[in-house]
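Below is one structure, written out as structure tokens; comments come after it.
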Amino acid sequence: MDVSEKAFYELSSEQKTAIEKGQNEIKEGNFYTNDEVISEMREWLKEII
């Protein structure tokens, strides 16, 4: 975050921690692609319809 962004909104320590956690998960590859999410949703919908 650069200095100009800080002027717009002050994050709480909880928010900063959550952002850092999310950034670390992304760096480690712990995320789903859009295509993976859509595929998973379609499978779930098949089960309930």
Side-chain angles (χ1 to χ4, degrees):
M1 178 184 321
D2 67 26
V3 178
S4 65
E5 292 175 17
K6 188 174 181 180
F8 289 114
Y9 188 79
E10 186 68 34
L11 297 173
S12 70
S13 61
E14 279 185 353
Q15 290 170 318
K16 290 176 185 177
T17 300
I19 290 168
E20 288 173 8
K21 180 180 176 185
Q23 289 172 333
N24 287 334
E25 289 180 359
I26 291 169
K27 286 177 189 173
E28 294 172 5
N30 296 328
F31 61 89
Y32 294 100
T33 66
N34 189 50
D35 290 338
E36 289 171 326
V37 171
I38 290 172
S39 177
E40 185 83 15
M41 282 182 7
R42 287 183 176 147
E43 289 300 315
W44 292 341
L45 290 173
K46 286 180 188 175
E47 292 175 10
I48 62 172
I49 293 178

Q. So how far is it from R42 CZ to I38 CD1, rounded to the nearest 0.5 Å?
A. 6.0 Å
Q) At what distance, to the nearest 0.5 angstrom, does CG of N24 lie from NZ of K21? A) 10.5 Å
Q) Looking only at heavy atoms, what is the nearest atom pair of V37 and Y32, with distance? A) CG2-CB, 3.7 Å
Q.
For E10 versus Q15, what's the shortest heavy-atom pair and its separation?
A. O-OE1, 4.3 Å
Q) So, the side chain of S39 versus the backbone of D35: is there a donor-acceptor pair under 3.5 Å, distance only? A) no
Q: For a side-chain contact (heavy atoms from CB on, under 4.5 Å) with E43, tell me which candidate from M41, E40, K46 qualifies.
A: K46
Q: Determine whether more than 12 heavy atoms belonging to other residues, nucleotides or ligands lie under 6.0 Å from atom CD of E36.
A: yes
